[in-house]
Amino acid sequence: MARAHPQLKVLSIFGTRPEAIKMAPLIKALEAEQGIDSKICITGQHQSMLQQVLDMFDLKADYTLDVMTPGQTLNTLTAALYAAIDPVLDAVQPDKVLVHGDTTSAMVAAMSAFHRRIPVAHVEAGLRTGDIHQPWPEEMNRRSIDLIADHLFTPTAESRRNVLGERLQGVSFVTGNTVIDALKMTAERIDKNRQLRVALDRQFNFIDASRKLLLVTGHRRENFGDGFLDICEALRRLAKRDDLQIVYPVHLNPNVLGPVTERLGGLPNVHLIKPLDYLSFVRLMQRAHVVLTDSGGVQEEAPSLGKPVLVMRDVTERPEAVAAGTVRLVGTDPDTIEKGVCALLDDDQLWRMASRASNPYGDGKACARIVDALMGRPVDEFTVEAPDPIPEPIEAQRPVLPLRSASSLH
Ligand code: UD1
Ligand code: UDP
């Protein structure tokens, strides 16, 4: 009788929207690998914003925890995660725990595994700003996870250099970022299916095709308070331009939703909308002229779609697209944000330079490399391709889709 294939039991634990987007294609690859028994535990740190990702990638969680409370503090969240994750480790008895990035869910899952001497693999390892308060608390989370991980899947050569410089114990591989795998799968799905594009665009029928689209997202804790008020001030000023319209899917964190709704709600040229499912958000990125964000994932995706990005932070752990010229740091000062956006709107040459599609973060094969590494096979590591040539002047470009302008969504 043939012996059963020995299986590596891998438990992926995650809880927020970006982790789900970046882990989904990897879990698909784990599930397709004969030698791996893949289990999923969702912590529940995000609920509504995460479920749409699982649905889109057709993933089912084996364990769903329930740690979110409205407006929770980092300490109550951390305590709830420790209490909830431990029984799952007991039940699954995994050979390896897989975590992603730098959220509180990832940090507590990694620590919980470490306390039980279960090896940890860290996807998106090695990102550093060098400042423990920026982003806060993520820089501490990612450093703590890297310290204990036995596999460090660093997306870029720069992040690999960071972990090597810290002389960490885990073995590192340059894999590319799994977000580019997720983005490629999603963008291809949209590009190949006209009906889907029309259906996605129907929910944006408030967009006026004759105006340039500024897509905004923001949620960083270090920007809470004055930072968000300054961001709103910049958007209020930009909204006065009649060649521009602003679309802003607002993060559900009450520290964001509160000030943004209060300061920007009702402005005719600012469309505040609910967080979008991933397909719709990718479609909106495709249609944007400029992206203004403090998000980590959006900083990685937009350059790959050839969209100029202004990042509302003072430092970034993702310096590669800054070096490539598609990303610029503008902080939260209203004057700097306004000047940065206006420069990209008014200077066509600058916009075209910043619109060169570049893929410093991945080539869509990160998940395959990670599975190879977990299975002990040789890993063909990620190297950066040259950026695309500078695009044609904007008048020479055909619109992606003829759009009907219409009323507002809200
Ligand atoms: C978290 C992560 C951050 C990540 C971000 C992605 C930590 C400390 N922060 O920040 O690293 O970049 O997610 O979006 O891990 N809420 C809802 N529904 C949801 C999600 C959030 O209502 O689906 C509200 C709740 O009031 C919740 C609050 O937002 O208490 C804050 O959520 P939390 O996960 O603590 O922090 P984020 O700001 O979302
Ligand atoms: N995103 C989404 N819907 C939205 C806004 C963002 O699906 O309305 C996606 C985006 O494409 C990216 C991820 O969510 O992949 C980024 O999440 P977020 O900015 O919340 O977290 P960060 O990346 O900063 O940790």
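If you read the sequence from its start, that first residue is 1, and numbering goes on from there. When a ligand or atom number is given, it counts from 1 through the structure's own listing order.
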Can [X] and [Y] be counted as an ion pair, charged N to O under 4.0 angstrom?
{"X": "R237", "Y": "D335", "result": "yes"}
{"X": "R220", "Y": "E138", "result": "yes"}
{"X": "R352", "Y": "D348", "result": "yes"}
{"X": "R369", "Y": "D363", "result": "yes"}

Look at [atom] and say which protein heavy atom is nearest, naming residue and atom and giving the distance to 0.1 Å.
{"atom": "atom 29 (O) of ligand 1", "value": "N253 CA, 3.1 Å"}
{"atom": "atom 8 (C) of ligand 1", "value": "T104 OG1, 3.0 Å"}
{"atom": "atom 25 (O) of ligand 2", "value": "P18 CG, 3.4 Å"}
{"atom": "atom 4 (C) of ligand 1", "value": "H219 CE1, 3.7 Å"}
{"atom": "atom 35 (O) of ligand 1", "value": "R221 NH2, 3.3 Å"}
{"atom": "atom 23 (O) of ligand 2", "value": "G297 N, 2.7 Å"}
{"atom": "atom 23 (O) of ligand 1", "value": "Q47 N, 3.1 Å"}
{"atom": "atom 3 (C) of ligand 1", "value": "E138 OE2, 3.1 Å"}
{"atom": "atom 16 (C) of ligand 2", "value": "S295 OG, 3.6 Å"}
{"atom": "atom 24 (C) of ligand 1", "value": "L252 O, 3.6 Å"}
{"atom": "atom 20 (O) of ligand 2", "value": "R17 NH2, 2.8 Å"}

**Message:** Ring centres under 6.0 Å, that's the criterion: do H100 and F14 meet it?
**Reply:**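 Centroid separation for H100 and F14: 6.0 Å or greater.
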**Request:** List the steps and the verdict of salt bridge (charged side-chain N to carboxylate O under 4.0 Å, His left out) for K212 and D243.
**Result:** CA-CA 6 Å; K212 291 172 178 167; D243 60 346; 5.1 Å; no
**Request:** Kindly indicate, with the supporting measurements, whether the criterion salt bridge (charged side-chain N to carboxylate O under 4.0 Å, His left out) is fulfilled by K28 and D181.
**Result:** CA-CA 11 Å; K28 288 280 183 206; D181 299 34; over 6 Å; no
Number the atoms of ligand 1 from 1 as they appear, then name those within less than 4.0 Å of a heavy atom of [X], with their elements.
{"X": "P18", "result": "6 (C), 14 (O)"}
{"X": "T103", "result": "11 (O), 15 (O)"}
{"X": "L74", "result": "8 (C)"}
{"X": "H251", "result": "14 (O), 37 (P), 38 (O), 39 (O)"}
{"X": "G71", "result": "25 (C), 26 (O), 27 (C), 30 (O)"}
{"X": "P254", "result": "24 (C), 26 (O), 28 (C), 29 (O)"}
{"X": "P70", "result": "26 (O), 30 (O)"}

So if I count the atoms of ligand 2 from 1 in the order they appear, which ones are less than 4.0 Å from some heavy atom of [X]?
{"X": "P275", "value": "8 (O)"}
{"X": "G296", "value": "22 (P), 23 (O), 24 (O)"}
{"X": "R220", "value": "24 (O)"}

Before signing off on this row, confirm whether [X] and ligand 1 have an N or O atom pair separated by under 3.5 Å.
{"X": "H46", "answer": "yes"}
{"X": "R220", "answer": "yes"}
{"X": "Q45", "answer": "yes"}

**Prompt:** Going through the checks in order, is the side-chain contact (heavy atoms from CB on, under 4.5 Å) test met by V120 and K96?
**Reply:** CA-CA 6 Å; V120 172; K96 210 173 276 293; over 6 Å; no
At a non-hydrogen distance cut-off of under 4.0 Å, which region of [X] contacts ligand 2 (side chain, backbone, both, or neither)?
{"X": "F281", "answer": "side chain"}
{"X": "K22", "answer": "neither"}
{"X": "I21", "answer": "side chain"}
{"X": "E301", "answer": "side chain"}

**Message:** Determine whether E19 and K22 satisfy the following criterion, salt bridge (charged side-chain N to carboxylate O under 4.0 Å, His left out), listing intermediate values before the conclusion.
**Reply:** CA-CA 5 Å; E19 290 167 276; K22 292 169 165 185; over 6 Å; no
**Message:** Out of the candidates L127, V123, I180, only one should pair with P155 under the side-chain contact (heavy atoms from CB on, under 4.5 Å) rule; please name it.
**Reply:**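 When side-chain contact (heavy atoms from CB on, under 4.5 Å) is applied between P155 and each of L127, V123, I180, only L127 qualifies.
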[X] [atom1]: over 12 foreign heavy atoms closer than 6.0 Å:
{"X": "R356", "atom1": "CZ", "value": "yes"}
{"X": "H115", "atom1": "NE2", "value": "yes"}
{"X": "E166", "atom1": "CD", "value": "yes"}
{"X": "R263", "atom1": "CZ", "value": "no"}
{"X": "K339", "atom1": "NZ", "value": "no"}

**Asked** Does any N or O atom in D277 lie less than 3.5 angstrom from one in ligand 2, N or O only?
**Response**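 No.
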**Message:** Applying the side-chain hydrogen bond (donor to acceptor under 3.5 Å, both in side chains) criterion to N177, which one of E301, R318, E320, E124 satisfies it?
**Reply:**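 Of the listed residues E301, R318, E320, E124, the side-chain hydrogen bond (donor to acceptor under 3.5 Å, both in side chains) partner of N177 is E124.
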**Request:** Would you tell me which option among D294, L183, L276 has the nearest heavy-atom contact to atom 8 (O) of ligand 2?
**Result:**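 Minimum heavy-atom distance to atom 8 (O) of ligand 2 goes to L276.
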**Prompt:** Heavy-atom distance under 4.5 Å between the side chains of V309 and T326, does that happen here?
**Reply:**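 No, too far: nothing below the 4.5 Å cut-off.
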**Message:** Check whether Q51 reaches the backbone of Q47 with its side chain - one donor and one acceptor, N or O, closer than 3.5 Å.
**Reply:**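 A pair under 3.5 Å: no.
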**Prompt:** Judged by non-hydrogen atoms, does L50 sit under 4.0 Å from ligand 1?
**Reply:**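 False for this residue.
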